[in-house]
Amino acid sequence: MTSHHEQTTSLTVNGRPCQVPADPRMTLVDALREQLGLTGTKKGCDRGECGACTILLDGRRVLSCMMLAVAASNAEITTIEGLSAEGELHPVQKAFHANDAFQCGFCTPGQVMSAVACIAEGHAGSAAEIKEWMSGNICRCAAYPQIVAAVTEASVQ
Ligand code: FES
Ligand code: FES
């Protein structure tokens, strides 16, 4: 009998260590969604054009469809599931809710992750600045005015 050790890649997601198969072609979005069941991160275009898959890597926003899972192994990954602590919504999530900043909701996790980083980067000083720095996050429902309002509200909290 031969013993077979499946190779794995270690990831740190929302503060927890986890293992995914060490498939050198697996993108981070697929590792999160298909291997770890974290389906809050959405896969829209799968080619870096919509922002639906935005996550934070060491606090910086990254398109998880454009990154290989193995390349994220030494970083702290934060997904939408990791934003709300003990059932309490993150202030950005609260602001999206309060401002009706979504319709179908598909783009929302990516918008929220991007907004968290946008505010942390200091790029939420005006509506124009928010629009510019959130421009990688497409909303097919065109909820942009409400999204800008939500980011503005969250940025002054
Ligand atoms: Fe990654 Fe669209 S799914 S940018
Ligand atoms: Fe539908 Fe943005 S709320 S795509």
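In each ligand, atom 1 is the first atom listed, and ligand 1 is the first ligand listed. From a predicted model like this one, the values you see are computed outputs, not experimental measurements. Scope of the values below: all heavy atoms of this structure, side chains included, with no hydrogens, waters or symmetry mates.
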Worksheet item: Do NZ/NE/NH1/NH2 and the carboxylate oxygens of R60 and D58 come within less than 4.0 Å?
Response: no
Worksheet item: Any luck finding a side-chain donor-acceptor pair between N14 and T78 under 3.5 Å?
Response: no
Discussion item. I need the nearest protein heavy-atom contact for atom 3 (S) of ligand 2: residue, atom name and distance, please.
Written reply: Q103 N, 3.2 Å
Discussion item. One residue to check: C104. Relative to ligand 2, which of side chain, backbone, both or neither has a non-hydrogen atom less than 4.0 Å away?
Written reply: both
Item to complete: Starting from atom 4 (S) of ligand 2, locate the nearest protein heavy atom and write down its residue, its atom name and how far away it is, to 0.1 Å.
Response: R140 N, 3.2 Å
Worksheet item: Would you find a donor on one side and an acceptor on the other, under 3.5 Å apart, between the side chain of S114 and the backbone of Q111?
Response: no
Discussion item. Can you tell whether the side chains of E76 and R16 come within less than 4.0 Å, N to carboxylate O?
Written reply: no
Response to the item:
The protein N, O or S atoms lying under 2.8 Å from atom 2 (Fe) of ligand 1 are C45 SG, C50 SG
Discussion item. Quick check: do T8 and P21 have side-chain heavy atoms less than 4.5 Å from each other?
Written reply: no
Worksheet entry | 4.5 Å side-chain heavy-atom contact, M26 and Q35 | yes
Item to complete: Compute the minimum heavy-atom distance from G105 to ligand 2 and say whether it is under 4.0 Å.
Response: yes
Worksheet entry | Main-chain N/O of G125 paired to E129 side chain as donor or acceptor, under 3.5 Å | yes
Worksheet entry | Carboxylate-amine/guanidinium contact R61 E121, below 4.0 Å | yes
Practice prompt. Confirm or rule out an N/O/S atom of C107, from backbone or side chain, lying less than 2.8 Å from atom 1 (Fe) of ligand 2.
Written response: no
Practice prompt. Find all atoms of ligand 2 within a distance of less than 4.0 Å from any non-hydrogen atom belonging to C139, and give their numbers and elements.
Written response: 2 (Fe), 3 (S), 4 (S)
Practice prompt. Could you walk me through whether V13 and L32 pass side-chain contact (heavy atoms from CB on, under 4.5 Å), step by step?
Written response: CA-CA 9 Å; V13 184; L32 292 170; 4.0 Å; yes
